[in-house]
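Below is one structure, written out as C-alpha cells; comments come after it.
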Amino acid sequence: MTTLLALDTATEACSVALLHDGEVLSHYEVIPRLHAQRLLPMIQTLTAEAGIALSAVDAIAFGRGPGAFTGVRIAVGVVQGLAFALQRPVLPVSTLATIAQRAYREHAVEQVAVAIDARMDEVYWGCYRANQGEMQLAGLEAVLPPEQAYLPRGVSGEWFGAGTGWCHAARIPTAVSATNASLLPHAEDLLRLASFAWQRGEAVEADQAQPVYLRDNVATPKK
C-alpha cells in the first residue's frame with residue numbers, strides 16, 4: 001500500500017497528515033509564526049505514532065500556496081529537504097483546493113467558492129466543484145479585490161463560501177448559500193487531494209517543489 005506524507009503551513013494553521021496501511025493520522029494546530037519550530041517535530045510525532053520510519057514514505061505532498069509568503073516558503077523548504085534526502089517525489093497541492101476539500105468533508109457541500117485574505121485589500125480566490133469525491137478547480141485561481149470575485153461563467157446551483165477572505169463577504173458579489181470564514185487548510189484534506197494526484201501519476205521531482213504566490217509583489221503595498 002502507498003504511504004504518503006502531507007504538510008501545510010500556508011496560513012495560520014500548521015498541519016501534517018500521514019496515509020499508511022490505508023489509515024490516516026493527522027495533527028493540526030493554529031499557531032501563527034510558529035510553523036518553522038513545530039513542523040518537523042509534528043512530522044516526527046506522526047511517523048512515531050504510525051510506527052514507521054520516514055524512509056517508508058513513498059511521496060511527500062505539500063500546500064504550494066497561495067497563502068502567507070513565509071508559510072509557503074517554510075513548506076517548500078522542508079519538503080525539498082526531506083525529498084532530496086529520501087530521494088522521493090513530491091505532490092504540490094493548491095491551498096485553495098485544500099480548503100475546498102475541507103468544506104466538502106465537513107459541510108457536505110459540492111460547490112465551494114474559496115477566498116483567503118491576501119492582505120493589501122485583496123483575496124486569493126478559486127472556485128471548486130466535487131467530482132467523485134475530489135474538489136476540482138472551475139475556472140482559474142487569482143488574487144483580486146473582493147469586488148471582482150465572481151463565479152466562473154456557466155456554473156449554476158448552490159455555492160458555499162469558505163476561507164478567511166469571506167470576512168469581506170459584504171464586498172464579494174457572489175451569492176452563496178452559507179459561509180465559513182474560519183475554515184483553514186488541513187493536511188488531512190491536502191492528503192486526500194494528493195492521493196488522487198498520486199493515482200494519476202502527477203508526482204514530480206523535488207526540485208519542482210515550487211511555491212505559487214499568485215501575486216508577484218508580496219511585500220510592498222499597492223500605490
Whether over 12 other heavy atoms sit under 6.0 Å from Arg33 CZ: no

same_hphob_cluster(Leu82, Leu191) at 4.5 Å side-chain heavy-atom cutoff: no

Heavy-atom pair of closest approach, residues Pro185 and Tyr28: O-CE1, 3.5 Å

Same apolar cluster: Leu96 and Leu144, side chain cutoff 4.5 Å: no

Using a 3.5 Å cut-off and no angle test, enumerate the donor-acceptor pairs between side-chain atoms of residues 162-173 and protein atoms at least two apart in sequence or in another chain.
| residue | atom | partner | partner atom | Å |
| --- | --- | --- | --- | --- |
| Thr164 | OG1 | Asp117 | N | 3.0 |
| Trp166 | NE1 | Ala113 | O | 3.0 |
| Arg171 | NE | Glu147 | OE2 | 2.7 |
| Arg171 | NH1 | Asp121 | OD1 | 2.9 |
| Arg171 | NH2 | Asp121 | OD1 | 3.3 |
| Arg171 | NH2 | Asp121 | OD2 | 3.2 |
| Arg171 | NH2 | Glu147 | OE1 | 3.2 |
| Arg171 | NH2 | Glu147 | OE2 | 3.2 |

Spacing of Thr179 atom OG1 and Trp159 atom CH2 [to the nearest 0.5 Å]: 15.5 Å

CZ (Arg73) with more than 12 external heavy atoms under 6.0 Å: no

Least distance between heavy atoms, Thr174 atom then Ala149 atom: OG1-O, 2.6 Å

Close side-chain approach of Ile43 to Leu40, heavy-atom, < 4.5 Å: yes

Any Phe160 side-chain heavy atom under 4.5 Å of Val176 side chain: no

pair Phe196-Asn131: side-chain heavy atoms closer than 4.5 Å: no

Heavy-atom pair of closest approach, residues Ala10 and Thr95: CB-OG1, 3.5 Å

Any donor-acceptor N/O pair, Trp125 side chain to Tyr150 backbone, under 3.5 Å: yes

Backbone N/O of Val143 and side chain of Gln148: donor-acceptor pair under 3.5 Å: no

Side chain to side chain contact (heavy atoms under 4.5 Å, CB included) between Leu19 and Trp198, intermediate numbers included: CA-CA 12 Å; Leu19 172 66; Trp198 175 258; over 6 Å; no

Spacing of OG belonging to Ser15 relative to CD belonging to Glu29, to within rounding of 0.5 Å: 10.0 Å

Residue pair Pro92 / Val204, side-chain heavy-atom distance below 4.5 Å: yes

Hydrophobic cluster identity match, Leu190 and Val212, side-chain contacts under 4.5 Å: no

Exam field: side chain Gln101 to backbone Met135, donor-acceptor pair closer than 3.5 Å: yes

Steps toward side chain to side chain contact (heavy atoms under 4.5 Å, CB included) verdict (Tyr128, Glu134): CA-CA 9 Å; Tyr128 296 82; Glu134 178 186 14; over 6 Å; no

Hydrophobic cluster membership, Val93 vs Leu137, 4.5 Å side-chain cutoff: no

Non-hydrogen atoms of Glu122 and Pro145 that approach each other most closely: CG-N, 4.1 Å

Side-chain heavy-atom pair Tyr124, Val114 within 4.5 angstrom cut-off: no

From CA spacing to verdict: side chain to side chain contact (heavy atoms under 4.5 Å, CB included), Cys14, Leu34: CA-CA 8 Å; Cys14 179; Leu34 293 176; over 6 Å; no

Residue pair Leu184, Ile99: steps toward the side chain to side chain contact (heavy atoms under 4.5 Å, CB included) verdict: CA-CA 6 Å; Leu184 297 170; Ile99 294 174; 5.9 Å; no

Val24 and Glu188, any side-chain heavy atoms less than 4.5 Å apart: yes

Under 3.5 Å donor-acceptor pairs involving side-chain atoms of residues 53-71, not counting sequence neighbours:
| residue | atom | partner | partner atom | Å |
| --- | --- | --- | --- | --- |
| Asp58 | OD2 | Thr3 | N | 2.7 |
| Arg64 | NH1 | Glu141 | OE1 | 3.3 |

Nearest-0.5 Å distance that lies between atom CD in Gln199 and atom OG1 in Thr2: 8.0 Å

Exercise: do His186 and Glu106 side chains pair donor with acceptor under 3.5 Å: no

Joint hydrophobic cluster, Val90 plus Ile74, side-chain heavy atoms closer than 4.5 Å: yes

Atom CD of Glu158 with >12 non-hydrogen neighbours under 6.0 angstrom: no

Shortest non-hydrogen contact from His27 toward Leu46: CD2-CD1, 3.9 Å

Flag side-chain contact, heavy atom, 4.5 Å: Leu91 against Leu4: yes

Spatial distance of atom CE (Met42) from atom OG1 (Thr9) [nearest 0.5 Å]: 10.5 Å

Neighbour count above 12 (heavy atom, 6.0 Å) for Gln37 CD: yes

Shortest non-hydrogen contact from Ala130 toward Tyr104: CB-CE1, 3.7 Å

Heavy atoms from other residues, nucleotides or ligands near CD of Glu205 exceed 12 (cutoff 6.0 Å): no

Heavy-atom side-chain proximity of Leu18 to Glu49 below 4.5 angstrom: no

Distance (rounded to the nearest 0.5 Å) between Thr98 OG1 and Asp189 CG: 7.0 Å

